There are 2 protein chains.
Amino acid sequence: MKSKTYHHGDLKNALIKAGVEILAKEGIGKLSLRKVALKAGVSHTAPYSHFSDKQSLIAAISTEGFQKLSKSLDSVIKSHADNPKKQLIESAQAYVKFAFANKDIFKIMFSSALEKEKEYPAFVEVSQKTFHQVVEIVEACQEAGIIKSGEADVLAVIIWGQVHGIIALAIEGQISHTVLEKKSLAEIVTQAIEQAIKK
Amino acid sequence: MKSKTYHHGDLKNALIKAGVEILAKEGIGKLSLRKVALKAGVSHTAPYSHFSDKQSLIAAISTEGFQKLSKSLDSVIKSHADNPKKQLIESAQAYVKFAFANKDIFKIMFSSALEKEKEYPAFVEVSQKTFHQVVEIVEACQEAGIIKSGEADVLAVIIWGQVHGIIALAIEGQISHTVLEKKSLAEIVTQAIEQAIKK
DNA sequence: ATTGTAATCTTGACAGTGTCAAGATTTTAA
DNA sequence: TTAAAATCTTGACACTGTCAAGATTACAAT
């Protein structure tokens, strides 16, 4: 829905896009407002018309990351509407895939580059929505008798946390080679969920 | 073992200490080599006699964090030498405690502030040692019949990942209030382990 | 269509940052 | 005692986030 008007046209999105590119090519340490502006072909302070500060740009990039993740979860949920167990396992796989396809976005989403996330309503909303999708899957699993009954959101934290933790450790290089030689990350995550499910 | 000699005496440790303090008081975003130097009462380039660059200081702080964590795991392991289940649960509690008592050190340890961890042997060594402690607990649990047999390191990744993930999400503010009103983080972590254990 | 206002973007400046080069000081070892 | 090595300082540079002032453009009300 780019509004191709005004001076640049759609600078806000162009800046986000430039930021994502820098993130992918040069990593989180090289992301700067000035470089983003340069890449978008505007002056070094032009971003301030759209983002109050660097944090705000980071929030926008993180938010986009969550939207992408959330959409991917959505399609997994829909394509296994009748099979909650598959929803759970495939969601986890989608999560793994997302994290490794967008390593630096994943890092920015979860690695406290964003200091006061509460100040960014769009970010809060989509991250909560994402978590809620997991809760719904857990509830579906409970109804199907695959997961024990109980507070679904607490159980979702446990399962989601498990998947998240394994991925986070892997991305930080904290999982040793010898482990990853035995099993791929996808397998480890699946095994983790299988174990969590069977009572 | 401070070697109270040379100009400053023990600048290297003083810089690390200053860094930790800034981290605790002002957060990760405010940590700078110059501020650390100022705090230690030396010129702005003095740190370069002890750290090749900022990353290197961050590595040293992270390493110290892991040492602290590792020691705390050690004492848990020793004080429940005859009870592997307790070792596991109490280790997790120690991990929670460490993370929340040293939020910004925890972040720096795991939040990719350190870009090429492999280049810092001391860091690699102590982080591997820490993981190995968890593996040993898992093995003890297996021998006690509390955890199913199988590759202990893979199982350790799963359990450690679970604990780590829940904490990481909590520290990032990604766990909703409604969940934390029902159960404290310590309880959630314990519940997670209990579930992971019982087959 | 004109005009005033708001949105957008630029130029210029400032302080703070990481890091290098050159040199001064001090410790240590021969 | 002296030469070398370690430690620390001064000064500089490019790069960063951000502010202030002003220029340009779009748009809404008349």
Side-chain angles (χ1 to χ4, degrees), chain A residues 1-23 25-62 104 108 112-116 119-120, chain B residues 1-23 25-62 104 108 112-116 119-120:
Chain A
M1 216 53 62
K2 333 260 166 171
S3 62
K4 277 285 173 205
T5 44
Y6 282 112
H7 305 175
H8 174 281
D10 192 25
L11 184 56
K12 185 166 186 174
N13 285 309
L15 292 169
I16 294 175
K17 196 178 158 195
V20 169
E21 278 174 30
I22 291 172
L23 226 41
K25 280 182 200 152
E26 312 184 48
I28 202 170
K30 300 279 187 176
L31 180 67
S32 82
L33 276 181
R34 292 175 102 111
K35 211 180 286 183
V36 161
L38 187 70
K39 196 154 196 160
V42 291
S43 79
H44 62 226
T45 58
Y48 286 88
S49 295
H50 302 277
F51 303 102
S52 60
D53 53 15
K54 190 183 180 183
Q55 283 290 303
S56 174
L57 173 64
I58 291 177
I61 295 175
S62 302
D104 289 82
I108 242 186
S112 63
L114 189 53
E115 314 214 310
K116 303 186 206 152
E119 288 177 15
Y120 304 92
Chain B
M1 217 52 63
K2 331 259 167 175
S3 63
K4 276 286 172 206
T5 43
Y6 281 112
H7 304 177
H8 173 281
D10 191 25
L11 185 55
K12 185 167 187 173
N13 285 310
L15 292 168
I16 294 176
K17 196 177 158 196
V20 169
E21 277 173 32
I22 291 173
L23 226 41
K25 280 183 200 152
E26 311 183 49
I28 202 171
K30 300 278 186 176
L31 180 67
S32 82
L33 276 180
R34 292 173 101 111
K35 211 180 286 182
V36 162
L38 186 71
K39 196 154 196 160
V42 291
S43 79
H44 60 220
T45 58
Y48 285 88
S49 296
H50 302 277
F51 303 102
S52 60
D53 53 15
K54 190 182 179 183
Q55 284 289 303
S56 173
L57 173 64
I58 290 178
I61 295 176
S62 301
D104 289 81
I108 242 186
S112 62
L114 191 52
E115 315 216 309
K116 304 187 207 150
E119 289 178 13
Y120 303 94

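Predicted model only: the values in this text are computed from it and were never measured. Letters A, B, ... mirror the listed sequences (proteins, then strands); counts begin at 1.
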Enquirer: Output the rounded distance in Å from CG (B:L15) to C1' (C:dG18).
Expert: 15 Å
Enquirer: Could you tell me whether the side chain of A:Q55 and the main chain of A:A113 form a donor-acceptor pair under 3.5 Å?
Expert: yes
Enquirer: To check you understand the geometry: which heavy-atom pair defines the closest contact between A:Y48 and A:D53, and what is its length?
Expert: CE2-CA, 4.2 Å
Enquirer: Rounded off to whole Å, could you give me the CG-to-C1' distance for the A:N13 and C:dT8 pair?
Expert: 15 Å
Enquirer: Would you please name every residue forming a salt bridge (Lys or Arg N to Asp or Glu O under 4.0 Å) with B:K39, sequence neighbours left out?
Expert: B:E21
Enquirer: Once you build an axis from the first five pairs and another from the last five of the helix from C:dA1-D:dT30 to C:dA30-D:dT1, how far apart in angle are they, to 10 degrees?
Expert: 10°
Enquirer: Quick one: B:I22 CD1 to C:dG16 C1', roughly how many Å, whole number?
Expert: 13 Å
Enquirer: Verify, without hydrogens or angle tests, whether A:K12 (side chain) and A:S49 (backbone) share a donor-acceptor contact under 3.5 angstrom.
Expert: no
Enquirer: Taking CG from B:L57 and P from C:dG18, how many angstroms apart are they, rounded to a whole number?
Expert: 10 Å
Enquirer: Using 0.5 Å steps for rounding, measure from the CD atom of A:E119 to the OG atom of A:S56.
Expert: 10.0 Å
Enquirer: Whole angstrom is fine here: how far is it from CG in B:L38 over to P in D:dT9?
Expert: 11 Å
Enquirer: Mind calculating the distance between CZ (A:F51) and P (D:dC19) to the nearest angstrom?
Expert: 16 Å
Enquirer: For residues A:G27 and A:D104, report the shortest heavy-atom separation together with the two atoms involved.
Expert: CA-OD2, 3.4 Å
Enquirer: Mind running a 4.0 Å heavy-atom check of residues 40-49 of chain A against DNA chain D and sending the residues that fall below it, in number order?
Expert: A:H44, A:T45, A:Y48
Enquirer: Please write out each protein N/O paired with an N/O of nucleotides 14-16 of chain D under 3.5 Å, distance rounded to 0.1 Å.
Expert:
| residue | atom | partner | partner atom | Å |
| --- | --- | --- | --- | --- |
| D:dT16 | OP1 | A:S32 | OG | 3.4 |

Enquirer: What is the separation between atom CD1 on B:I28 and atom C1' on C:dT17, rounded to the nearest whole Å?
Expert: 16 Å
Enquirer: Check salt bridge (Lys or Arg N to Asp or Glu O under 4.0 Å) between A:K35 and all other residues, then give those that pass, not counting sequence neighbours.
Expert: A:E26
Enquirer: Any chance you could lay out the side chain to side chain contact (heavy atoms under 4.5 Å, CB included) test for B:I108 and B:L114, step after step, and finish with the verdict?
Expert: CA-CA 7 Å; B:I108 242 186; B:L114 191 52; over 6 Å; no
Enquirer: Which distance, rounded to the nearest 0.5 Å, do you find between the CD1 of A:I28 and the CD1 of A:I61?
Expert: 9.5 Å
Enquirer: Going by the side chain to side chain contact (heavy atoms under 4.5 Å, CB included) test, name the single residue among B:L11, B:D10, B:L15 that passes it with B:N13.
Expert: B:D10
Enquirer: With sequence neighbours excluded, give me every salt bridge (Lys or Arg N to Asp or Glu O under 4.0 Å) pair touching residues 40-51 of chain A.
Expert: none
Enquirer: What is the distance from CG of B:D53 to C1' of C:dC20, rounded to the nearest Å?
Expert: 13 Å
